[in-house]
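In what follows, a single structure is set out as structure tokens and then discussed.
The sequence lines fix the lettering, A, B, ..., with proteins before strands; numbering per chain opens at 1.
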There are 2 protein chains.
Amino acid sequence: MRRRATIADVARAAGVSPSTASVVFSGKAPVADATRERVLAVAAGLGYTGPDPRAASLRRGRSGIVAVALEEHLRTAFLDPIKTATMDGLTDGLAELGAGVLLLRDDPEAGSDAPTLATAPIDAAVLIGCSGRMRETLQAVRSRGLPVVVIEGDAGDDVPRMELDNGEAAAQIAHHVRALGHRDIAVVTLPFDGAKVRGDATPERIASITTPVTSARLEGTLSVFPDARVVSAASSLIDEGLIAGRMLFADPLTRPTAVIAQSDLLAAGVIRAAEEAGLRVPEDVSVAGFDGIAVDGLGEHVLTTAVQPAVEKGRAAGDAVARMLAGEQAASIRFTCTFREGTTTGPAPVRQPLS
Amino acid sequence: MRRRATIADVARAAGVSPSTASVVFSGKAPVADATRERVLAVAAGLGYTGPDPRAASLRRGRSGIVAVALEEHLRTAFLDPIKTATMDGLTDGLAELGAGVLLLRDDPEAGSDAPTLATAPIDAAVLIGCSGRMRETLQAVRSRGLPVVVIEGDAGDDVPRMELDNGEAAAQIAHHVRALGHRDIAVVTLPFDGAKVRGDATPERIASITTPVTSARLEGTLSVFPDARVVSAASSLIDEGLIAGRMLFADPLTRPTAVIAQSDLLAAGVIRAAEEAGLRVPEDVSVAGFDGIAVDGLGEHVLTTAVQPAVEKGRAAGDAVARMLAGEQAASIRFTCTFREGTTTGPAPVRQPLS
DNA sequence: TTGTAAGCGTTATCAT
DNA sequence: ATGATAACGCTTACAA
């Protein structure tokens, strides 16, 4: 087989100019019916199935592709209900714009030549959960002049952000817990950074948190409970909450009466750990989450949590990209979480005085 | 601001040829350190951040992007645990190959100019759950000479397929149910086609099923229970199973003693419907699923089901694409499901004779 | 190690 | 309604 036919071949065989043939396929200008028929017939005969998208996108300066960069391994992202809900809204918003979604990882393995924000043929980028490490790649994208929108992250003041009132919502949960009489509190946090460290956090480590969501929620909680014990999880998974919960409930004398988890999945794990330790929720220990998703395996419990508008966040990001691509300005949007009191928090138990 | 700097501008300003500048960025040939430094410095000065991916991909003939086409709306796909598991394996396999994943819908709305298999700058395509409608688009891709792999679908004999032994596994479940003494059976199927019709199916409709998974599993079941009542669901969701279950359990006189659902989610819905109708599972009615995923809200039940290797399926598809891109042949693979007996199937209840 | 030159396949512009 | 032509920005033989 010879080389693939091009639009020039088709044009020549049909006895028209390349521009006419091009127009037949793009429909961007009127063409005589007879001419179109002929071109199409010739194209079919040559096995030409339409313009090469690579060439078209070079010429047009648009590829019709928007990158969605995730901080973590894609496998992890798909497991996170909040991310999928956000993606859902996002793909919706982008579809209206006529763009496809290219899934990208923030940090492709060094050796791999997988596409990155800097090397992929994209028209714009949406970063989900952008933290420090992403900054320099981001710089490359921005200096290419491509629109960038950030969901739950910080990429500088001139990059539109779609974010939550994480601090306020976390504080609201904390207030609720304090109003119930709790004084011995533990916080189970989302990851501090890419390092996936697990366990009790020192003040220094807390000061060095690079993940904006983690630090905003933590600040909200600590504003109410400055002395809370802080334990970080390596990712937002039930199993991670389980591990953290086991740590917290290991010593009956020092265990908290309430645990504030930074995600519903973590909270579900903490609850499981509590039950494993023979503690009743909420009679012996209260547990609160964050996100407002449906969690598997919680049984009859309804989590006390902050419900976030995840789909709307994604859709708003898509809309912002569309606007920027159209040359307009796009503003940051701050979404509001809704506090939901469930059945997993209750009055603080009365401590037995040490006789 | 003037037009964006190109590699030619950089080369000129650095006093080298374009090819040298190109090599500095691609690293495909040795360059004197001094030269590289100079080029890089000049590039930085001009705000040049590397080759335009669109131009590079035209020249190279590769874009580094593989399309993953889903039949349904992305939102729906993400809700399906099997699809996410498959995507998980797939993105893994493709990452090794160094390709990005472009999420595509099979059937973009007519008005939208969203990219399609025919118009996106892709190097290959993976179709998940390809049914009839996708065929013609597919034709365009194949005649562009791009590798195509299909997961759970049929795109012609020369397109490698990653599939399950759906028929055998379904038959195995049916045998299990029959061995328990059941004779009054209902099947709750996955969608027949894109139409999302719901309810009792006529033989004609059954004959016209275009979704391969649905028809393969159904044939397996009918091979054991030729007279089973067949009810189709509009999609693989717990709520759909619930709707189907309500239909089945509406009339105590005609209700089946066992329901074979084509997915675990549907089975979970059927179980919920049974409990809603005051029926105990499995004492009054047995329910079996398909997939082997963890389902939310099943309580203490362990579903009797066929466990499929979803992640492996995806990864194998990624590997197949890699092989085809390397010019090798890729063969179809048929994965085997594992029957798992749970607690949702039991002996058929003894019918009260009508006195 | 660096330079020359020839495209990659398309589409926008401007005539005709 | 159609045609001629010039980019779009880069890469890679091949030559020096």
Side-chain angles (χ1 to χ4, degrees), chain A residues 2-40 42-43 46-64 113 118-123 144-146, chain B residues 2-40 42-43 46-64 113 118-123 144-146:
Chain A
R2 312 184 8 75
R3 82 175 212 298
R4 192 145 293 286
T6 73
I7 203 172
D9 300 330
V10 173
R12 198 174 317 115
V16 301
S17 76
S19 44
T20 301
S22 174
V23 166
V24 165
F25 286 99
S26 74
K28 298 223 169 172
V31 179
D33 282 347
T35 313
R36 183 194 355 271
E37 303 289 307
R38 188 153 34 93
V39 170
L40 257 21
V42 168
L46 291 177
Y48 179 81
T49 45
D52 179 332
R54 281 179 285 258
S57 85
L58 170 58
R59 176 63 235 223
R60 286 214 180 96
R62 285 276 171 96
S63 64
D113 52 351
T119 63
I122 55 177
D123 296 337
R144 271 211 265 155
L146 303 181
Chain B
R2 308 181 14 71
R3 82 175 213 297
R4 193 144 292 287
T6 72
I7 204 172
D9 300 330
V10 173
R12 198 174 320 113
V16 300
S17 76
S19 51
T20 302
S22 173
V23 166
V24 165
F25 286 100
S26 72
K28 298 225 167 171
V31 179
D33 282 348
T35 312
R36 183 194 356 272
E37 302 290 308
R38 186 152 36 93
V39 170
L40 257 20
V42 168
L46 291 177
Y48 180 82
T49 46
D52 179 333
R54 283 179 282 259
S57 85
L58 170 57
R59 177 62 235 232
R60 287 216 175 96
R62 284 276 170 97
S63 64
D113 52 351
T119 62
I122 55 176
D123 296 337
R144 271 211 266 154
L146 302 182

### Task
Anything under 4.0 Å to a heavy atom of chain B counts; send over the first and last such nucleotide of DNA chain D, read 5' to 3'.
D/dG9 to D/dT12
### Message
On a heavy-atom basis, which atom in B/Thr6 and which in B/Tyr48 lie closest, and how many Å separate them?
### Response
C-CE1, 3.6 Å
### Atom of A/Ala120, atom of A/Arg144 and distance for their closest heavy-atom approach
O-NH2, 3.3 Å
### Message
To check you understand the geometry: which heavy-atom pair defines the closest contact between B/Ser63 and B/Pro121, and what is its length?
### Response
OG-O, 2.6 Å
### Query
Which pairs with one or both residues in residues 49-58 of chain B pass salt bridge (Lys or Arg N to Asp or Glu O under 4.0 Å), sequence neighbours excluded?
A/Asp123-B/Arg54, B/Asp52-B/Arg54
### Task
Identify, with sequence neighbours excluded, every residue that meets side-chain hydrogen bond (donor to acceptor under 3.5 Å, both in side chains) alongside A/Thr119.
A/Thr116
Could you list the donor-acceptor pairs under 3.5 angstrom formed by side chains in residues 10-20 of chain B, with sequence neighbours left out?
{"residue": "B/Ser17", "atom": "OG", "partner": "B/Ser19", "partner atom": "N", "Å": "3.4"}
{"residue": "B/Ser17", "atom": "OG", "partner": "B/Ser19", "partner atom": "OG", "Å": "2.8"}
{"residue": "B/Ser17", "atom": "OG", "partner": "B/Thr20", "partner atom": "N", "Å": "3.3"}
{"residue": "B/Ser17", "atom": "OG", "partner": "B/Thr20", "partner atom": "OG1", "Å": "3.1"}

### Task
Identify the two heavy atoms, one from B/Ala43 and one from B/Phe25, that lie closest to each other, and give their separation to 0.1 Å.
CB-CZ, 3.9 Å
#### Entry: Residue pairs passing the salt bridge (Lys or Arg N to Asp or Glu O under 4.0 Å) test where at least one lies in residues 21-35 of chain B, sequence neighbours excluded
B/Asp33-B/Arg36
### Interatomic distance, A/Arg54 CZ vs C/dT11 P [rounded to whole Å]
14 Å
### Message
Base contacts versus sugar-phosphate-only contacts with protein, heavy atoms under 4.0 Å: please encode nucleotides 1-10 of chain C as B, S and - from 5' to 3'.
### Response
SSBB-BBBBB
